[in-house]
2 protein chains.
Amino acid sequence: MANPLRRPTTREVAALAGVSVATVSYVLNGKVERVGEQTRRRVLAAAEELGYVRSSSARSLRLRRTERVCLVVGSIGVPAYDQLARDLSDAADAAGHGVLTMVVDSPARADKAVDLLRQHVADGAIIAPSVPYLSPAQLRALADLPLVVMSNAADPDGFDVVRTTEDAACAEALDHLVATGRRRIAFLGHRHELTGELPTERHAAYLAALDRHGLDRRPELVVDGADDRVAAYRSVTALLAGPVRPDAVFAASDRAAISAILALRDAGVAIPDEVAVVGVGNLDEGRITRPPLTTVGPPAMDFHDAARLLFERVLATGERPAGRVITTEWTFIRRGSA
Amino acid sequence: MANPLRRPTTREVAALAGVSVATVSYVLNGKVERVGEQTRRRVLAAAEELGYVRSSSARSLRLRRTERVCLVVGSIGVPAYDQLARDLSDAADAAGHGVLTMVVDSPARADKAVDLLRQHVADGAIIAPSVPYLSPAQLRALADLPLVVMSNAADPDGFDVVRTTEDAACAEALDHLVATGRRRIAFLGHRHELTGELPTERHAAYLAALDRHGLDRRPELVVDGADDRVAAYRSVTALLAGPVRPDAVFAASDRAAISAILALRDAGVAIPDEVAVVGVGNLDEGRITRPPLTTVGPPAMDFHDAARLLFERVLATGERPAGRVITTEWTFIRRGSA
DNA sequence: CTGTTAGCGCTTTCAA
DNA sequence: TTGAAAGCGCTAACAG
């Protein structure tokens, strides 16, 4: 159980260089004005010789700050998170901070993540969009920590919120489907949307649209697959063979929508003539499908705002900024599939 | 710059409960035999009341151990990493450890990751397959830390190595292409494979196969796209319009191979009759393409071995195990596309 | 310019 | 069963 890697400490570096630990600390932290060039060189040489690496725990304990931020995502393998990670890393680099990512793919992992965050494993965190399993209560428990929550379900409460207008954009997409004569619209959802344990906007938008237009809710048209390309393909294929043949598919993710297009093509179904397809997310990939994917999303994948908000909080000295809200405009992007 | 979240400490909990900090520590660490039931309850109540959360830095400093492990990946958005993260998390849960993920997508980020790891941000790490930009020297610099490196290029040197037989499997796939009459085989590579800065097996296997069979190396058939579905699609489309029309595509990733299939279909090219396609990775997704994707990979995505190796090291008391090598069997998996 | 020293918050001997 | 105290490795007053 014990694994005490014995690494050299500042004390040993100091001894070798013939100076005090304070001097070592000054040199290592670039406080140039505090130490002479000769001494500086001796310390650096000693550190090098011993292979000195500072202990992050000791430093963080003393500083009361880790100089790291955390990105909390729902799964690896979601294309948009890739860009989010990149944008956050860019901001972190600029601030001299590290980035750690945590994957929350179950309620148990959500607890673990909240624990780690509360134990101050990082100075702040971004909760990525669509991380289910993280309850409002858990978010509140984290509010001591600089936090940016990307969610339409959260209200700023000690943390910042980045929202999208996906609600309205989804409604517009669904209205469009109905306006073009679709009456049997299938919904291809995320697992957590369908179990009912965790409500989501996309599913809600779907149900609301049906109601708004006086269409029946048909449970057999609501299927799983938005998390997984293969599941989506199979769900759509099964739908085609099912009791109610859909004339449109509204997929809660572009990945699933793309699978839907493939499944429909493979089944010889004309898109959009026989079945229309709409996705959510505006992935680049939607531009290379045949027909190109009609979707709902931001004009471009860009998460600099969220990253900026986080670092404003993390680096803030004195009073914390009040909870802010930034809204990213999402629109209905009509291409060929609907 | 300062953000000293003032959180309650064991001292405050102790004061409120009317006991010493030692007792608080005993209670919080479940040393039931060391403290009476009455006291235990009082301490727990006090901690609850104050909203006490222990400081991970202070604890790690004292323990000389973080009870966290790190997963180092090359990018988010690679499907296989998803399973790897899951398998590692399962093992970590069992050991009561947390999992942090670091994304290394440039040489600068590699440096940063190595720094963090050396500063002991975690008790051990798995370096995922195909994380470019991490040099052998950097790996060696990390050898103090329990480490599992998933790479065929690394030799165990204070750390464990998980290898695959992808070399042989790729060779077999390429031999198959040649045996079935392919003479103009295109290579769809990762960016870092093509710049030449970082050699990889898949590209090497490709070149070796050409040489082995006396085929010309044609630079115009070596294109980029294995990192990115859209780029892959465009590369293949461009290839079709280029000076040398390929009769096979060997893609360094299944994602790219799938894009290749789509591009070929959209161009009205018959697969495999006119152009054969082979991928690498054996993603499930290869089963739903038309035709199903011929590929090279493991029989199933399973990274429990790597996780087990890591925790054997992390939890090892006393002598470190010597560097071990585990080899995962990869095979040529012939489906319809070649 | 450099050193002495007091903690950061926690765990764990050792003594009572 | 509980407490006093040492110290993990580091930084930053403060003193010289």
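Computed from heavy atoms alone, side chains included, the values below leave out hydrogens, waters and symmetry copies. Numbered from 1 within each chain, the chains take letters A, B, ... in sequence-line order.
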Closest to the 5' end of DNA chain D, once B:A22 and A:A22 are matched to their nearest nucleotides, is B:A22
Just to verify, what does B:E312 make a salt bridge (Lys or Arg N to Asp or Glu O under 4.0 Å) with, not counting sequence neighbours? B:R308, B:R324
From CZ of B:R65 across to C1' of D:dC8 the rounded distance in Å is 13 Å
Describe the nucleic acid contact of B:T9 in one word from base, sugar-phosphate, nothing, applying a heavy-atom distance below 4.0 Å. sugar-phosphate
Does A:A141 offer a backbone N or O that forms a donor-acceptor pair with the side chain of A:R118 under 3.5 Å? yes
Counted 5' to 3', the first and last nucleotides of DNA chain C within 4.0 Å (strictly under) of a heavy-atom of chain A are C:dC1 to C:dG9
Rounded to the nearest angstrom, tell me the gap between atom OH in B:Y26 and atom P in D:dT2. 11 Å
Whole-Å gap separating C1' (D:dA12) and CZ (A:R64): 14 Å
Mind jotting down which residue pairs meet the salt bridge (charged side-chain N to carboxylate O under 4.0 Å, His left out) criterion with at least one end in residues 10-26 of chain A? Sequence neighbours excluded, please. A:R6-A:E12
Minimum heavy-atom distance B:S130-B:Y81, with the two atoms named: O-OH, 3.5 Å
Rounded (10°) bend between the five-pair end axes of the helix from C:dC1-D:dG16 to C:dA16-D:dT1: 40°
A:P156 and A:R163: which non-hydrogen atoms are nearest, and at how many Å? CD-NH2, 4.1 Å
Of all residues at least two apart in sequence or in a different chain, which pass the salt bridge (Lys or Arg N to Asp or Glu O under 4.0 Å) check with B:D111? none
Nearest heavy-atom pair of A:A80 and A:F303: which atoms, and what distance? O-CE1, 3.6 Å
Sequence neighbours excluded, which residues qualify as salt bridge (Lys or Arg N to Asp or Glu O under 4.0 Å) partners of B:D302? none
Does anything in residues 16-27 of chain A form a salt bridge (charged side-chain N to carboxylate O under 4.0 Å, His left out)? List the pairs, not counting sequence neighbours. none
Using heavy atoms and a sub-4.0 Å distance, could you list which residues of residues 32-46 of chain B are near DNA chain D? By number, please. B:E33, B:R34, B:V35, B:G36, B:T39
Tell me every residue that passes ring-ring contact (aromatic ring centres under 6.0 Å, His included) with B:F311, counting only those two or more places apart in sequence or in another chain. B:H97
Between A:L63 (CG) and D:dC10 (P), how many Å, whole number? 12 Å
Note: A:P129 and A:L84 closest approach over all heavy atoms is CD-CD2, 4.1 Å
Minimum heavy-atom separation for B:V24 to B:V43, with atom names? CA-CG1, 4.0 Å
How many Å lie between CZ on B:R62 and P on D:dA5, as a whole number? 16 Å
Base, sugar-phosphate alone, or nothing: which one does B:V24 contact when heavy atoms must sit under 4.0 Å apart? nothing
Residue pairs meeting side chain to side chain donor-acceptor pair (under 3.5 Å), one or both in residues 38-47 of chain B, sequence neighbours left out, come to B:E37-B:R40, B:E37-B:R41
What residues 47-55 of chain B contributes to the DNA chain C interface at heavy-atom separation below 4.0 Å is B:Y52, B:R54, B:S55
OP1 or OP2 of D:dC10 versus the side-chain N and O atoms of A:S25: is any pair under 4.0 Å? no
For residues 50-63 of chain B, which residue pairs qualify under salt bridge (charged side-chain N to carboxylate O under 4.0 Å, His left out), counting only residues two or more places apart or in two chains? B:R59-B:E67
